[in-house]
Amino acid sequence: MLAAVSRFDLRIPAVRSLKEKRHVVKTLIGSLRAKFNISVAEVDHHDLWQRTAIGVSAVAPDGHQCRRIVQEVERHVDGFPGVERIDVVTSFHAPED
């Protein structure tokens, strides 16, 4: 078993209010949950209009599948309309025996 944890720092250049930002972020989070069955949450920049950070975690039975999920999530975020990826940091964790 392997767990992956990713933090995406994102820019949302077209929004002009926190309400618009919340709509974009909730739509992105919902699409990630629905498509990949992973855990997702907004984790930083709550009070900034055009910035956000989301945390993503996934668990898979082996390293190959876990890395594939992470790559697909990155592609999905990169292709999401109105969102620009600034940075992503991913770490992998295995249980200690």
Side-chain angles (χ1 to χ4, degrees):
M1 179 182 78
L2 190 67
V5 178
S6 298
R7 177 193 163 104
F8 290 85
D9 284 311
L10 305 172
R11 185 169 171 260
I12 312 168
V15 299
R16 299 289 176 245
S17 68
L18 284 174
K19 185 176 180 179
E20 288 179 30
K21 173 194 171 182
R22 294 283 173 252
H23 175 73
V24 173
V25 171
K26 284 187 176 197
T27 303
L28 173 59
I29 286 174
S31 72
L32 287 167
R33 284 182 180 149
K35 185 169 184 169
F36 300 105
N37 194 24
I38 56 176
S39 297
V40 187
E42 184 177 13
V43 296
D44 203 0
H45 307 301
H46 300 284
D47 57 343
L48 300 177
W49 291 5
Q50 296 183 337
R51 288 285 307 274
T52 192
I54 60 170
V56 175
S57 64
V59 177
D62 59 59
H64 175 73
Q65 188 173 355
C66 199
R67 285 176 181 78
R68 183 182 55 79
I69 293 168
V70 168
Q71 290 172 347
E72 289 180 13
V73 168
E74 286 182 17
R75 277 195 293 271
H76 185 80
V77 170
D78 288 343
F80 198 81
V83 175
E84 298 173 3
R85 179 171 62 156
I86 296 171
D87 191 25
V88 64
V89 176
T90 301
S91 58
F92 295 93
H93 308 273
E96 295 179 19
D97 293 331

Check your understanding: How many angstroms lie between CG in D9 and OG1 in T52, if you round to the nearest 0.5 Å?
Key ->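 Reported to 0.5 Å precision, the distance equals 8.5 Å.
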**Study point:** Euclidean distance, K19 NZ relative to R22 CZ, rounded to 0.5 Å
**Key:** 12.5 Å
Point to revise | Flag side-chain contact, heavy atom, 4.5 Å: V77 against L32 | key: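 The answer is yes, as the side chains (C-beta and beyond) meet within the 4.5 Å cut-off.
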Review point. Is any side-chain heavy atom of I54 less than 4.5 Å from a side-chain heavy atom of L10?
Key: yes
When clusters are formed by joining ILVMFWY residues with side-chain heavy atoms under 4.5 Å apart, either directly or through shared neighbours, do [X] and [Y] land in the same one?
X   : Y   : value
V5  : I69 : no
F80 : W49 : no
V56 : L2  : no

Practice item. Taking K21 for its side chain and V15 for its backbone only, find out whether a donor-acceptor pair lies under 3.5 Å. Key: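 Checked: no pair found.
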Check your understanding: Under 3.5 Å, is there a donor-acceptor pair between the side chain of Q50 and the main chain of R11?
Key -> no
Which atoms form the tightest heavy-atom contact between [X] and [Y], and what is the distance?
X   : Y   : result
G82 : P13 : O-CD, 3.6 Å
A58 : I38 : CB-CG2, 3.7 Å
L18 : H46 : CD2-O, 3.8 Å
C66 : A4  : SG-CB, 3.5 Å
E20 : A14 : OE1-O, 3.8 Å

Point to revise | More than 12 heavy atoms from other groups under 6.0 Å of CG on N37 | key: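 No - once you tally the heavy atoms of other residues, nucleotides and ligands closer than 6.0 Å, there are 12 at most.
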Point to revise | Residue H23 excluded, over 12 heavy atoms near NE2 under 6.0 Å | key: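 Atom NE2 in H23 is not crowded, with 12 or fewer foreign heavy atoms closer than 6.0 Å.
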Review point. Considering residues at least two apart in sequence or located in another chain, which fulfil the side chain to side chain contact (heavy atoms under 4.5 Å, CB included) criterion with E74?
Key: F8, V70, R85, V88, T90
Point to revise | Partners meeting side chain to side chain contact (heavy atoms under 4.5 Å, CB included) with P61 (sequence neighbours left out) | key: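 In terms of side chain to side chain contact (heavy atoms under 4.5 Å, CB included), with neighbours along the sequence ignored, P61 is linked to Q65.
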Check your understanding: Can E72 and R67 be counted as an ion pair, charged N to O under 4.0 angstrom?
Key -> no
Review point. Which residue pairs satisfy the side-chain hydrogen bond (donor to acceptor under 3.5 Å, both in side chains) criterion with at least one member in residues 26-36, sequence neighbours excluded?
Key: S31-H76
Exercise for review: Begin from the C-alpha positions of R51 and D44 and carry the test salt bridge (Lys or Arg N to Asp or Glu O under 4.0 Å) through to its verdict.
Suggested key: CA-CA 9 Å; R51 288 285 307 274; D44 203 0; over 6 Å; no
